[in-house]
Asker: 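Dropping the structure in here first, questions after.
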Protein chains: 2
Amino acid sequence: MEYQEAKEKFISTWGSLGTLWGINKAMAQIQSLLFISTKALSMEEIMEELKISRGNTSMNLRQLMDWGIVTKALIPGERKEYFTTEKDVQELARHIAKERSRREIKPVIKILKDVSSIKDDGTEKTKELIKQTKALHDLAETADAMMNKIVNQEQTWITKSLMKLIK
Amino acid sequence: MEYQEAKEKFISTWGSLGTLWGINKAMAQIQSLLFISTKALSMEEIMEELKISRGNTSMNLRQLMDWGIVTKALIPGERKEYFTTEKDVQELARHIAKERSRREIKPVIKILKDVSSIKDDGTEKTKELIKQTKALHDLAETADAMMNKIVNQEQTWITKSLMKLIK
DNA sequence: ATAAACTTTCAATAATTACTGAAAGTTTAA
DNA sequence: TTAAACTTTCAGTAATTATTGAAAGTTTAT
């Protein structure tokens, strides 16, 4: 496999994986393109490389910046804006985990807490609802806490912890 | 909050969370309905409760069965088929983690391995592609291994391990 | 073998989500 | 202040994904 083929394979695979996990294709592809690029890229270059429109590129770059995994890299003397992604996979994982926790997991935990706190009226179905949502709440909270804990350590800690678990 | 409201809130929240993570709404809602039900439900009952068509119910039940988290519960003397979901949250988490690993993570790890194994032609861009996809490969493999490790223990082990990590 | 009771399939359609391109907006240089 | 160089926005459209409903299929009872 040659460079060009490998690059395309990587970008398109990453795009499909994103889709499978609720992330849009263009967003995943822009990120992966930046991830293997040796330099910051302009909007023009991204559009050209991925064959997507200016508007699409602009919107997805903004989203990636909102997620904190892409940043503007101002190149001295250049008028255009250039973009780079976090290049360290562990930092990348940190950002993504942190954001998904904040945006998606935390709110659901909150609702599970509310739902599992309804008044027990003594009926079987109410008891079951309370029991099951409480179990889900506890699982979600434990998993989320673990995630955040891992994510808030210095980078090397992650590998060490995981290794400890695995071996 | 009364039972009915809590129930609806739970089911619709679970549906939205599913959507956010690439699982279709009906599928997530059927599962959550079964999860808090005190008994196995027929297709009729599910359709009625969630206001979805027979075809949709049938297809999504099949998918849930493919994922191994819903099973047919044959009720003696009944012609109809009844369905239940895994009621233990930890078993549920096990199944989901295991399946997502098998279907989605493993194939991507394979591709990352291929891509990161291309011949180093000495150019900077090739070196970068190799370096970055290798880093991603290692991260994915470590995370996946951890997942599978956790997932293949007896149930209580999970909580213990997570607790150890957190405290 | 027939029919009733049920489930599955799938073409048509609806709903959702992503993408485009051009107009409007912004920034910088002269 | 003007205009060139660039970015953002957003209404319209395209692509994708989910859902319906009815016909076809299956199973069971008689």
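Labels below follow one simple rule: chain letters A, B, ... track the order of the sequence lines, proteins then strands, and each chain is numbered from 1.
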Asker: If you check the Ala26(B) side chain, which of dT8(C), dT8(D), dT19(D) turns out closest?
Answerer: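 Of dT8(C), dT8(D), dT19(D), dT19(D) is nearest to the side chain of Ala26(B).
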
Asker: Between Gly55(A) and Gly22(B), name the one whose nearest nucleotide on DNA chain D is closer to the 5' end.
Answerer: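 The residue closer to the strand's 5' end, by nearest nucleotide, is Gly55(A).
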
Asker: So, the side chain of Gln132(A) versus the backbone of Lys87(B): is there a donor-acceptor pair under 3.5 Å, distance only?
Answerer: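 Present.
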
Asker: Any residue in residues 59-81 of chain B with a heavy atom nearer than 4.0 angstrom to DNA chain D? Just list them by number, or reply none.
Answerer: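 The answer is Arg79(B).
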
Asker: Kindly write out the residues that satisfy side-chain hydrogen bond (donor to acceptor under 3.5 Å, both in side chains) with Lys127(A), not counting sequence neighbours, or none if the list is empty.
Answerer: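 For Lys127(A), the residues satisfying side-chain hydrogen bond (donor to acceptor under 3.5 Å, both in side chains) (neighbours in sequence not counted) are Asp120(A).
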
Asker: Atom CG of Leu50(A) to atom P of dT20(C): distance rounded to whole Å?
Answerer: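 These atoms are roughly 11 Å apart.
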
Asker: Sequence neighbours excluded, which residues qualify as side-chain hydrogen bond (donor to acceptor under 3.5 Å, both in side chains) partners of Thr71(A)?
Answerer: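 Listed in chain order: nothing, the list is empty.
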
Asker: Write down the distance between NZ (Lys51(B)) and P (dT20(D)), rounded to a whole number of angstrom.
Answerer: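 From Lys51(B) NZ to dT20(D) P: 12 Å.
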
Asker: Taking atom P of dT26(D) as reference, at what distance in whole Å does atom CE of Met43(B) sit?
Answerer: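 Atom CE in Met43(B) sits about 16 Å away from atom P in dT26(D).
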
Asker: For Met47(B) and dA18(D), give me the distance from atom CE to atom C1', rounded to whole Å.
Answerer: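 Going from CE in Met47(B) over to C1' in dA18(D) covers 16 Å.
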
Asker: Answer yes or no: is there a donor N or O on one side and an acceptor on the other, between the side chain of Ser37(A) and the main chain of Leu33(A), under 3.5 Å?
Answerer: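 Absent.
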
Asker: Could you state the CD-P distance from Glu44(A) to dT7(D), rounded to the nearest angstrom?
Answerer: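 After rounding, the reported distance stands at 8 Å.
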
Asker: Whole angstroms only, please: what is the CZ-P distance between Arg54(A) and dT7(D)?
Answerer: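 It is 7 Å, rounded to the nearest whole Å.
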
Asker: Pairing donors with acceptors under 3.5 angstrom, does anything connect the side chains of Thr126(A) and Thr123(A)?
Answerer: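 Distance-only check passes for Thr126(A) and Thr123(A).
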
Asker: Side-chain N or O of Asn56(A) versus OP1/OP2 of dA18(C): is the shortest distance under 4.0 Å?
Answerer: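 So the side-chain polar atoms of Asn56(A) never come under 4.0 Å of the phosphate oxygens OP1 or OP2 of dA18(C).
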
Asker: Answer yes or no: is there a donor N or O on one side and an acceptor on the other, between the side chain of Thr85(A) and the main chain of Ile69(A), under 3.5 Å?
Answerer: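 Yes; at least one donor-acceptor contact below 3.5 Å.
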
Asker: Rounding to a whole Å, what distance do you find between Ile46(A):CD1 and dC6(D):C1'?
Answerer: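 Going from Ile46(A) (CD1) to dC6(D) (C1'), I get 14 Å.
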
Asker: Return the value, rounded to whole Å, for the distance between atom CD of Gln29(B) and atom P of dA18(D).
Answerer: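 Spelled out: CD on Gln29(B) to P on dA18(D) is 13 Å.
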
Asker: Do Trp21(B) and Glu104(A) have side-chain N/O donor and acceptor atoms under 3.5 Å apart?
Answerer: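 A pair is found: one side chain offers a donor N or O, the other an acceptor, under 3.5 Å apart.
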
